[in-house]
**Q** 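Mind looking over this structure? Questions follow.
Numbers here simply count residues along the sequence, with the first being 1. Atom set for the values below is all heavy atoms of this structure, side chains included, hydrogens, waters and symmetry mates excluded.
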Amino acid sequence: MSAKDRTKAKTDRTKGHLKETLGRVTGNRRTQNEGHLQKVKGELHDAVAKARHAAERKQHKGR
């Protein structure tokens, strides 16, 4: 997993968490839902990058 991928995923998770919390505090369901989706997007991006990295390591190790 490259540093760029990790940074992007962490940024999405953090922004999403903040947006979700802000929506909850202000009672704005739309902002809360957008934040939740952005947080999930970051988590998914992180999981895909980790899986890709693990597959690359396994392929490289098998040579």
**Q** What's the shortest heavy-atom distance between Gly42 and Ala9, and which atoms?
**A**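 Where Gly42 meets Ala9 most closely, the heavy atoms are O-CB, 3.5 Å.
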**Q** Evaluate Glu20 against Arg24 for salt bridge (charged side-chain N to carboxylate O under 4.0 Å, His left out), listing each step before the verdict.
**A** CA-CA 6 Å; Glu20 186 177 14; Arg24 191 176 300 123; 3.6 Å; yes
**Q** Out of curiosity, Leu18 CG to Thr31 OG1, how far, rounded to the nearest 0.5 Å?
**A**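 Going from CG on Leu18 over to OG1 on Thr31, the span is 12.5 Å.
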**Q** Is there a side chain to side chain contact (heavy atoms under 4.5 Å, CB included) between Thr7 and Thr11? Walk through the geometry before answering.
**A** CA-CA 6 Å; Thr7 302; Thr11 300; 4.1 Å; yes
**Q** Do the side chains of Glu43 and Lys39 get close enough for a salt bridge, i.e. N-O under 4.0 angstrom?
**A**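 Salt bridge flag = no for Lys39 with Glu43.
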**Q** Under the salt bridge (Lys or Arg N to Asp or Glu O under 4.0 Å) test, which residues partner Glu34, sequence neighbours left out?
**A**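 Expected list: Arg30.
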**Q** Output all residues satisfying salt bridge (Lys or Arg N to Asp or Glu O under 4.0 Å) with Lys19, sequence neighbours left out; order by chain, then residue number.
**A**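 Lys19 satisfies salt bridge (Lys or Arg N to Asp or Glu O under 4.0 Å) with no other residue.
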**Q** Does the side chain to side chain contact (heavy atoms under 4.5 Å, CB included) test come out yes or no for Asp46 and Arg13, once each step is laid out?
**A** CA-CA 9 Å; Asp46 190 32; Arg13 285 193 318 261; 3.3 Å; yes
**Q** With side chain to side chain contact (heavy atoms under 4.5 Å, CB included) as the criterion, how do Arg52 and Asp5 come out once you've worked through the C-alpha distance, each side chain's angles and the decisive distance to 0.1 Å?
**A** CA-CA 11 Å; Arg52 184 181 306 131; Asp5 290 339; 4.1 Å; yes
**Q** Any heavy-atom pair between the side chains of His36 and Gln32 that's under 4.5 Å?
**A**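 In short, these two side chains do not touch, never coming nearer than 4.5 Å.
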